[in-house]
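By convention in this document, chain letters (A, B, ...) are assigned in the order of the sequence lines, proteins followed by strands, and residues within each chain are numbered from 1.
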Protein chains: 2
Amino acid sequence: MYCVDNKHFPCSTSLTMKYIGGKWKSVILIHLTKDKKRYNELRKEIPTITERTLSLQLKELEADGLVCRKVYTSKPPLKVEYGLTSFGQTLIPVLDAISHWGKEASKAHKKIKIEP
Amino acid sequence: MYCVDNKHFPCSTSLTMKYIGGKWKSVILIHLTKDKKRYNELRKEIPTITERTLSLQLKELEADGLVCRKVYTSKPPLKVEYGLTSFGQTLIPVLDAISHWGKEASKAHKKIKIEP
DNA sequence: CCGCATCCCAGGCGATACTG
DNA sequence: CAGTATCGCCTGGGATGCGG
């Protein structure tokens with residue numbers, strides 16, 4: 001049993017999935033592992049995400065302390081950058097593992113023999 | 001752009017999350033990395049999952065070729081075991097990374113300084 | 001450029017009860 | 001023991017439009 005922020009998780013795996021689970025969080029995070037990114041850069045690199053969802057997910061990631069939002073201009077056009085916090089950076093090995101497995105799986109999928 | 005089973009994913013990360021995303025899949029899988037498990041063993045080790053959900057998730061994992069279901073008796077009481085397929089075993093490093101990060105995060109969470 | 005507001009929906013997930 | 005059946009909530013996420 002693990003506990004963070006007064007929330008309980010039956011195991012450490014479910015705790016991690018609370019941070020990187022969902023359809024988009026890990027995708028956003030992996031784009032931020034390489035560089036800080038602006039909002040529109042993220043949109044272009046993740047073409048199938050909607051603005052609303054990107055906005056909401058970034059907020060949640062920020063609230064979770066994984067992502068840091070920096071505003072560089074006070075008047076429009078705004079310049080905002082998103083980057084990983086030091087806490088967020090601890091996730092990089094996990095995100096790399098996830099990304100790597102996806103690549104291998106897509107390569108190998110047709111040849112794989114599904115057996116015990 | 002990645003493609004598996006006629007489904008498209010914007011990046012390899014989202015492909016992986018299709019397999020291990022959701023609230024429970026990774027939790028079930030990590031319990032199977034150590035040993036084959038029976039249905040009720042999994043229920044006991046994941047106390048907060050419902051029977052229905054466990055059943056549905058196991059079916060999906062089986063359909064995805066990650067988990068293998070073996071029936072050992074033809075008459076009740078049934079004996080059924082779930083284990084990872086060879087394809088599912090390729091996920092072990094990913095699952096270990098996820099589990100490990102969750103442990104570290106829960107330990108460190110209160111001391112973490114959230115900064116860029 | 002960077003969002004928020006509103007509306008809406010599928011399907012993920014839970015609770016409970018029942019079966020071979 | 002190992003599941004199904006039924007019901008219903010609730011939230012993640014899509015579509016569209018507006019605002020600083």
Side-chain angles (χ1 to χ4, degrees), chain A residues 7-11 13-15 17-29 31-32 36-64 66-83, chain B residues 7-11 13-14 17-29 31-32 35-64 66-83:
Chain A
K7 288 168 188 174
H8 299 266
F9 305 90
C11 70
T13 302
S14 63
L15 200 170
M17 296 311 285
K18 195 69 180 177
Y19 283 93
I20 65 167
K23 188 171 176 181
W24 293 116
K25 280 185 181 165
S26 55
V27 177
I28 295 170
L29 287 170
H31 281 284
L32 297 177
K36 290 172 187 267
K37 293 278 166 64
R38 299 185 58 177
Y39 182 81
N40 267 2
E41 291 184 289
L42 287 170
R43 277 189 50 194
K44 284 171 199 163
E45 295 177 8
I46 315 174
T48 48
I49 197 172
T50 64
E51 294 187 24
R52 171 197 140 92
T53 301
L54 177 56
S55 184
L56 288 178
Q57 300 296 309
L58 282 169
K59 261 193 199 169
E60 286 181 28
L61 292 169
E62 199 189 350
D64 286 338
L66 295 175
V67 158
C68 176
R69 181 177 184 268
K70 267 194 188 168
V71 185
Y72 286 96
T73 54
S74 53
K75 291 287 177 183
L78 291 185
K79 177 177 179 181
V80 182
E81 271 190 350
Y82 294 91
Chain B
K7 289 170 187 173
H8 299 267
F9 304 90
C11 69
T13 303
S14 62
M17 295 312 283
K18 196 69 179 176
Y19 284 91
I20 65 167
K23 189 170 175 182
W24 294 115
K25 280 184 181 166
S26 55
V27 177
I28 294 170
L29 286 170
H31 281 283
L32 296 179
D35 264 315
K36 291 173 186 270
K37 293 279 165 62
R38 300 182 61 172
Y39 182 82
N40 267 1
E41 290 183 289
L42 287 170
R43 278 189 48 193
K44 284 171 199 162
E45 293 177 10
I46 315 175
T48 49
I49 198 172
T50 63
E51 292 184 26
R52 172 198 143 91
T53 300
L54 177 56
S55 183
L56 288 177
Q57 300 296 307
L58 282 169
K59 266 191 195 168
E60 286 182 27
L61 292 169
E62 197 188 354
D64 286 337
L66 295 174
V67 158
C68 176
R69 179 176 184 273
K70 268 194 186 166
V71 186
Y72 288 95
T73 53
S74 54
K75 293 284 177 186
L78 291 185
K79 178 176 179 181
V80 181
E81 269 189 351
Y82 293 92

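- A heavy-atom distance below 4.0 Å to DNA chain D is reached by these residues of residues 46-59 of chain A, ordered by number: Thr50(A), Arg52(A), Thr53(A), Gln57(A).
- Scored by the salt bridge (Lys or Arg N to Asp or Glu O under 4.0 Å) test, Arg69(A) finds no partners at all (sequence neighbours excluded).
- Take Glu45(B) and apply the salt bridge (Lys or Arg N to Asp or Glu O under 4.0 Å) test, not counting sequence neighbours, and it matches Lys37(B).
- For the side-chain contact (heavy atoms from CB on, under 4.5 Å) test, residues two or more places apart in sequence or in another chain that qualify with Thr73(A) are Leu78(A), Lys79(A).
- With sequence neighbours excluded, the residues that form a side-chain contact (heavy atoms from CB on, under 4.5 Å) with Ser55(A) are Tyr39(A).
- Bounding nucleotides for the chain B contact on DNA chain C, 5' to 3', at a heavy-atom distance below 4.0 Å, are dC13(C) to dA15(C).
- The shortest distance between the side-chain N/O atoms of Tyr82(B) and the OP1/OP2 oxygens of dG3(D) is below 4.0 Å.
- The side chain to side chain donor-acceptor pair (under 3.5 Å) search around Glu81(A) returns Tyr72(A), not counting sequence neighbours.
- Under the rule for a salt bridge (Lys or Arg N to Asp or Glu O under 4.0 Å), the partners of Arg43(B) that lie at least two apart in sequence or sit in another chain are Glu51(B).
- Arg69(A) comes within 4.0 angstrom of the backbone, heavy atoms only, and of no base.
- Each end of the helix from dC1(C)-dG20(D) to dG20(C)-dC1(D) gets its own axis from five base pairs, and the two axes differ in direction by 50°, given to 10 degrees.
- Take Lys59(B) and apply the side-chain contact (heavy atoms from CB on, under 4.5 Å) test, not counting sequence neighbours, and it matches no residue.
- Between Arg38(B) and Glu60(A), the one whose closest nucleotide on DNA chain D sits nearer the 5' end is Arg38(B).
- Judged as a side chain to side chain donor-acceptor pair (under 3.5 Å), and not counting sequence neighbours, the contacts of Thr50(A) are Thr53(A).
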